[in-house]
Amino acid sequence: MKERLKKILSKFEREERPRLRLRRGDKLPLMMAVACIITATATYMILSGTAAYAKKLVALRAITPEIQDYELGNYSFEPVTTKRNILFSITNEEELCRVHVLSFDEDKHTLDISDIPPDTLVSCGGFEGTLAEAYETEVYAEIVSMALSLHLDGSMATDVETISDCINLLGGVKLTLDKEIKIGENILSKGKRTVMGSVAKIIFSDGQAYTDGDIDRITAYHNLLISLISTLKEKGAVEWVSLTLNLIVNKVETDMTVSEIIELINLLNRIQTENININLITIENSK
C-alpha cells in the first residue's frame with residue numbers, strides 16, 4: 001500500500017503541480033511582472049532601512065504618549081479600513097520642503113493627497129515644534145501620525161533632485177498655468193507646456209510658498225504633482241519602474257515591504273486622474 005501511494009504522489013508531482021503553477025501565474029500577470037522588476041529593489045531598501053527603522057521604534061518607546069490627553073480631547077484614529085495612508089516627504093538640500101499624506105481608497109478607487117506645510121506647528125507625544133523640526137528626529141512618522149490622529153501604513157522620503165531626475169527619465173510632464181508666477185528669480189509664463197526636470201525642481205522646492213501664503217504658487221505645485229502621477233499611470237507600472245529603478249534603489253527611503261509597494265502600484269493603476277484630490281491642510285498654525 002505504501003509503495004502504491006508513493007507512486008501516485010510521484011505521478012502528481014510530475015504531471016499536476018506544473019499545471020497548477022502555470023494556472024496561478026496566468027491569473028496575476030501584472031503582479032508577477034512588477035514583482036520581478038522590483039524584487040531586487042525592495043530587498044535592498046528593506047535591508048538598508050532596517051537599522052534606521054529599528055532606531056525609530058526604540059526612540060518612540062522612550063516617549064510617553066499623551067494618550068489620555070487625546071482621549072479627553074475627543075481625538076481618535078481614523079477607523080476606515082479601506083484606506084491606505086502613506087506619508088510622503090520631499091527635502092531640498094536636506095531640509096524638509098513638502099509633506100504629504102497619500103490616502104488610497106481601495107473601494108472607491110480614489111486618491112486624496114493632504115499637503116501639509118513643513119512649518120506647521122505640532123504638539124504631541126512629548127514633542128513640540130514644526131514638522132520640519134520633527135523630520136530631524138527618529139520618530140518623524142509617528143509624530144505626524146499622532147498629530148493628525150491618523151494611522152499610517154508606511155512612509156517614503158526623497159529629495160527634489162530625485163524628483164527632477166525622475167521627470168527627465170519620464171520625458172517630462174505637462175503643466176498648465178492660468179497666470180504668470182514668480183518663484184525667487186524665476187518667472188514662469190502662463191500657458192501649456194511640457195516641464196522637464198530643471199523647471200520641476202524649481203516648483204517642487206518652493207516650500208516658501210506656504211510661508212508667503214501664495215496660493216498661485218501652491219496651486220502650480222498641486223497641478224504639477226497631479227500631472228506627474230497621471231504620467232506614471234500613462235507609462236504603466238512596468239515601464240516607469242524600469243525607467244526609475246536606479247533612483248528607487250539609491251534615492252528613496254522607505255519602511256515598506258515588497259508586498260506593500262506592489263499593492264500601492266496596483267491601487268494607483270485603478271485610480272482615474274479626475275479622482276485625485278489635493279487639499280492644503282494645517283494642523284494648528286504656522287510660524
Side-chain angles (χ1 to χ4, degrees), residues 42 45-46 48-67 69-71 73-91 96-159 163 225 229 248 252-268 271 276-284:
M45 292 158 64
I46 292 169
S48 62
T50 299
Y53 186 62
K55 290 181 180 179
K56 288 185 178 182
L57 292 178
V58 172
L60 179 61
R61 294 190 182 109
I63 296 176
T64 303
E66 300 171 345
I67 299 299
D69 292 340
Y70 283 108
E71 293 175 347
N74 294 320
Y75 292 104
S76 62
F77 285 96
E78 185 176 290
V80 179
T81 58
T82 60
K83 288 189 176 182
R84 291 292 178 270
N85 302 309
I86 307 300
L87 176 61
F88 180 50
S89 308
I90 302 175
T91 60
L96 190 66
C97 67
R98 304 284 185 183
V99 182
H100 314 84
V101 174
L102 312 179
S103 297
F104 295 83
D105 194 304
E106 298 177 358
D107 292 338
K108 297 180 180 179
H109 297 165
T110 60
L111 172 58
D112 295 319
I113 303 175
S114 298
D115 181 14
I116 311 170
D119 62 354
T120 298
L121 293 169
V122 295
S123 177
C124 60
F127 173 84
E128 292 187 6
T130 66
L131 288 179
E133 293 169 337
Y135 186 76
E136 301 300 322
T137 73
E138 294 292 332
V139 288
Y140 165 63
E142 288 78 7
I143 290 172
V144 174
S145 176
M146 287 188 287
L148 294 175
S149 295
L150 183 72
H151 172 73
L152 295 176
D153 297 283
S155 64
M156 305 180 75
T158 189
D159 55 27
I163 298 290
L225 184 58
I229 296 173
I248 293 173
V252 177
E253 298 179 4
T254 183
D255 58 7
M256 300 172 65
T257 65
V258 176
S259 297
E260 290 168 336
I261 293 172
I262 294 175
E263 180 183 13
L264 285 186
I265 292 173
N266 282 316
L267 288 175
L268 185 63
I271 295 171
I276 301 175
N277 302 296
I278 301 182
N279 301 298
L280 182 62
I281 294 177
T282 55
I283 301 172
E284 289 185 1

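We use all heavy atoms of the structure for the numbers below, so side chains are in, but hydrogens, waters and symmetry mates are not. A quick note: this is a predicted structure, and the numbers were derived from the prediction, not measured.
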Worksheet item: Looking only at heavy atoms, which two atoms of M146 and C124 are closest? And how far apart?
Response: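 Shortest heavy-atom contact: CB-SG, 4.0 Å.
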
Practice prompt. Looking only at non-hydrogen atoms, find the nearest pair between V122 and A147 and report the distance.
Written response: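 Nearest pair, atom of V122 first, then A147: CG1-CB, 3.8 Å.
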
Any [X] side-chain heavy atom under 4.5 Å of [Y] side chain:
X	Y	value
I90	H100	yes
I116	L148	yes
P117	L280	yes
P118	T130	no
Y135	T91	yes

Would you give the length of the straight line joining atom [atom1] of [X] to atom [atom2] of [Y], rounded to the nearest 0.5 angstrom?
X	Y	atom1	atom2	result
I86	T254	CD1	OG1	7.5 Å
L111	I229	CG	CD1	5.5 Å
H151	R84	NE2	CZ	8.0 Å
K83	L102	NZ	CG	12.0 Å
L264	M156	CG	CE	7.5 Å
I261	I248	CD1	CD1	8.0 Å

Practice prompt. Before giving the answer on side-chain contact (heavy atoms from CB on, under 4.5 Å), spell out for L87 and V99 the whole-Å C-alpha distance, their side-chain angles and the decisive distance to 0.1 Å.
Written response: CA-CA 8 Å; L87 176 61; V99 182; 4.0 Å; yes

Worksheet item: What residue among T110, N85, D112, N277 forms side chain to side chain donor-acceptor pair (under 3.5 Å) with S103?
Response: N85

Worksheet entry | E260: side chain to side chain contact (heavy atoms under 4.5 Å, CB included) partners, not counting sequence neighbours |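 So E260 forms a side chain to side chain contact (heavy atoms under 4.5 Å, CB included) with M256, T257.
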
Item to complete: Using only heavy-atom distances, determine whether the side chains of S155 and Y140 contain a donor-acceptor pair under 3.5 Å.
Response: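 On atom types as modelled, these side chains do not qualify, holding no pair under 3.5 Å.
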
